[in-house]
Student: 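Sending over a structure as structure tokens; questions will come in a sec.
For clarity, every value in this text was computed on a predicted model and none was experimentally measured. The sequence lines fix the lettering, A, B, ..., with proteins before strands; numbering per chain opens at 1.
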2 protein chains.
Amino acid sequence: MVTIETKQHPAWDVYKATCPTRQVLDCIADKWAVLVIGLLNGGTRRFGEMRKSIEGVSQKMLTQTLRSLERDGIVSRRVYASVPPKVEYTLTPLGQSLAGIVESLRVWSESNIEVVLASQQTYDARPEAE
Amino acid sequence: MVTIETKQHPAWDVYKATCPTRQVLDCIADKWAVLVIGLLNGGTRRFGEMRKSIEGVSQKMLTQTLRSLERDGIVSRRVYASVPPKVEYTLTPLGQSLAGIVESLRVWSESNIEVVLASQQTYDARPEAE
DNA sequence: CAGCATCCGCGTAGATACTG
DNA sequence: CAGTATCTACGCGGATGCTG
């Protein structure tokens, strides 16, 4: 692809040019990216392994996510010229530093999921929640 | 709404029922939620303030995001019965603990955005990137 | 095995108009 | 001011079929 300009909202570009957090969020603010980073934090994995480990991810989305993370320098991709082909994915040093944050999110999630779910129950049980 | 069942993929529910991280990601793995939490980490804000602070967010998305975070027990909403109306949003204690992670993500972003952008440039400049 | 290409439906988000 | 309601479109992501 030559043209990667798919934005139609000018203001969008404005904020993108000025806020690092948003630019990073544009890279990793999706579920699959976070899960991939979390998985690779456990060590190098092959494509097929990841597909099996991350239940519910389609081949397309996994490929897309990995390409994106590779582009961002968070994941590195190594192809072995063998038959059958073998492709391994690893976190770069940059990716490892980010993985620390993902890990803390995982810990937070496991500590607080009960509270969150309980809150949802209460919220949905309100009289006006119809 | 009575029916909130919009899932069609069985496997989806399977993972949702077993993995706290994914359940939490389903709540906060979008850009606006992270930005809202980051903003409220600076203190209580009114709706209009937030709309102006978070450039590019539509009124609809902001409302939607805030409702979702309120449901999760991350944000609390206080309505003042005045004219004109005044609505304030604040992080709950739960939200504050999550805000710590968001804050560390912000720091990471500002520290590493240059590296990420440079990596993207290099990636896009590959011969085969056509 | 690891991936690309294509098709397609549905949901998500934007725009707009109206209200307490 | 802080929403709700409705309409629309377009892009995301799933399913399928094919390749090195």
Side-chain angles (χ1 to χ4, degrees), chain A residues 1 3-13 15 25-27 29-33 35-36 44-71 75-90 128-130, chain B residues 1 3-13 15 25-27 29-33 35-36 44-71 75-90 128-130:
Chain A
M1 296 290 286
T3 56
I4 52 171
E5 293 297 316
T6 54
K7 305 302 180 186
Q8 56 277 58
H9 199 307
W12 200 260
D13 293 319
Y15 95 63
L25 283 174
D26 282 334
C27 304
D30 71 285
K31 182 169 52 188
W32 300 132
L35 292 171
V36 162
T44 298
R45 295 289 140 86
R46 295 185 56 178
F47 187 88
E49 285 183 279
M50 303 181 70
R51 189 145 162 51
K52 269 169 272 177
S53 297
I54 304 177
E55 196 175 21
V57 72
S58 67
Q59 176 268 342
K60 178 182 174 179
M61 289 315 298
L62 183 54
T63 300
Q64 208 172 91
T65 302
L66 286 168
R67 285 291 182 284
S68 176
L69 292 174
E70 188 193 1
R71 192 176 99 103
V75 158
S76 78
R77 177 171 179 266
R78 171 164 295 188
V79 183
Y80 295 88
S82 57
V83 178
K86 177 178 165 185
V87 182
E88 286 182 347
Y89 292 90
T90 317
E128 63 277 21
E130 203 58 13
Chain B
M1 294 292 287
T3 56
I4 52 170
E5 292 299 315
T6 55
K7 304 302 180 186
Q8 58 277 59
H9 198 306
W12 201 261
D13 294 320
Y15 94 62
L25 283 176
D26 282 334
C27 303
D30 70 285
K31 182 169 50 183
W32 301 131
L35 293 172
V36 162
T44 298
R45 293 289 139 85
R46 295 184 57 177
F47 186 86
E49 285 183 281
M50 302 181 71
R51 189 145 161 51
K52 271 169 272 179
S53 296
I54 304 176
E55 196 175 20
V57 72
S58 67
Q59 176 269 349
K60 179 181 173 181
M61 289 315 299
L62 183 54
T63 300
Q64 210 172 91
T65 302
L66 287 168
R67 285 291 182 285
S68 175
L69 291 175
E70 188 192 0
R71 191 175 99 103
V75 158
S76 79
R77 178 171 180 265
R78 170 163 296 188
V79 183
Y80 294 88
S82 57
V83 178
K86 178 177 164 184
V87 182
E88 285 183 348
Y89 292 91
T90 315
E128 64 276 24
E130 206 57 16

Student: Would you tabulate the nitrogen or oxygen pairs shorter than 3.5 Å linking the protein to nucleotides 16-20 of chain D?
Tutor:
none

Student: How close do B:Cys27 and B:Ala33 get, heavy atom to heavy atom, and via which atoms?
Tutor: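 Here B:Cys27 and B:Ala33 meet closest at O-CB, 4.4 Å.
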Student: Using a cut-off of strictly less than 4.0 Å between a heavy atom of the residue and any atom of DNA chain D, enumerate the qualifying residues of residues 44-53 of chain A by number.
Tutor: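 When residues 44-53 of chain A is checked for heavy atoms under 4.0 Å from DNA chain D, there are no hits whatsoever.
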Student: Roughly how bent is the helix from C:dC1-D:dG20 to C:dG20-D:dC1 end to end, in steps of 10 degrees, with each end axis from five pairs?
Tutor: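 Rounded to the nearest 10 degrees, the bend comes out at 60°.
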Student: Which listed nucleotide (C:dG14, C:dC4, D:dG3) is nearest to the side chain of A:Thr63?
Tutor: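 Selected nucleotide: C:dC4.
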Student: Could you give the distance from OG (B:Ser76) to CG (B:Leu69), rounded to the nearest 0.5 Å?
Tutor: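 CG of B:Leu69 is found 11.5 Å from OG of B:Ser76.
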Student: Measuring from atom CD1 of A:Ile54 to atom CE of A:Met61, what distance do you get when rounded to the nearest 0.5 angstrom?
Tutor: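 Interatomic distance, A:Ile54 CD1 to A:Met61 CE, rounded to 0.5 Å: 11.5 Å.
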Student: Please identify each residue that fulfils side chain to side chain donor-acceptor pair (under 3.5 Å) with A:Thr90, with sequence neighbours left out.
Tutor: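 A:Thr90: side chain to side chain donor-acceptor pair (under 3.5 Å) contacts with A:Thr44.
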Student: What are the two closest heavy atoms between A:Val57 and A:Leu62, and how far apart are they?
Tutor: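 Closest pair (atom of A:Val57, atom of A:Leu62, distance): CG2-N, 3.8 Å.
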Student: Nearest whole Å is fine: how far is C:dC4 P from A:Gln64 CD?
Tutor: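 Spelled out: CD on A:Gln64 to P on C:dC4 is 10 Å.
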Student: Respond yes when some side-chain nitrogen or oxygen of A:Arg77 is under 4.0 Å from OP1 or OP2 of C:dA2, and no when none is.
Tutor: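 So the side chain of A:Arg77 is outside the cut-off, no N or O lying under 4.0 Å from OP1 or OP2 of C:dA2.
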Student: Ignoring backbone atoms, test whether B:Tyr89 places a side-chain nitrogen or oxygen under 4.0 Å from the OP1 or OP2 oxygen of D:dG3.
Tutor: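 It does, given that an N or O in the side chain of B:Tyr89 lies less than 4.0 Å from OP1 or OP2 of D:dG3.
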Student: Does A:Ser58 place a side-chain N or O at less than 4.0 Å from the phosphate oxygens OP1/OP2 of D:dG14?
Tutor: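 Yes, within the criterion.
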Student: Considering only distance and modelled atom types, tabulate donor-acceptor pairs under 3.5 Å from the side chains of residues 79-89 of chain B, sequence neighbours left out.
Tutor:
unit_1  : atom_1 : unit_2  : atom_2 : d
B:Tyr80 : OH     : B:Glu88 : OE1    : 3.1
B:Ser82 : OG     : B:Pro84 : O      : 3.1
B:Tyr89 : OH     : B:Arg77 : NE     : 3.2

Student: Quick one: side chain to side chain contact (heavy atoms under 4.5 Å, CB included) partners of B:Arg45, sequence neighbours excluded?
Tutor: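 Here the qualifying residues are B:Leu39, B:Leu40, B:Glu49, B:Met50.
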Student: Side chain of B:Pro84 only, heavy atoms from C-beta on: which candidate in D:dG3, D:dC1, C:dA2 is closest?
Tutor: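 Selected nucleotide: D:dC1.
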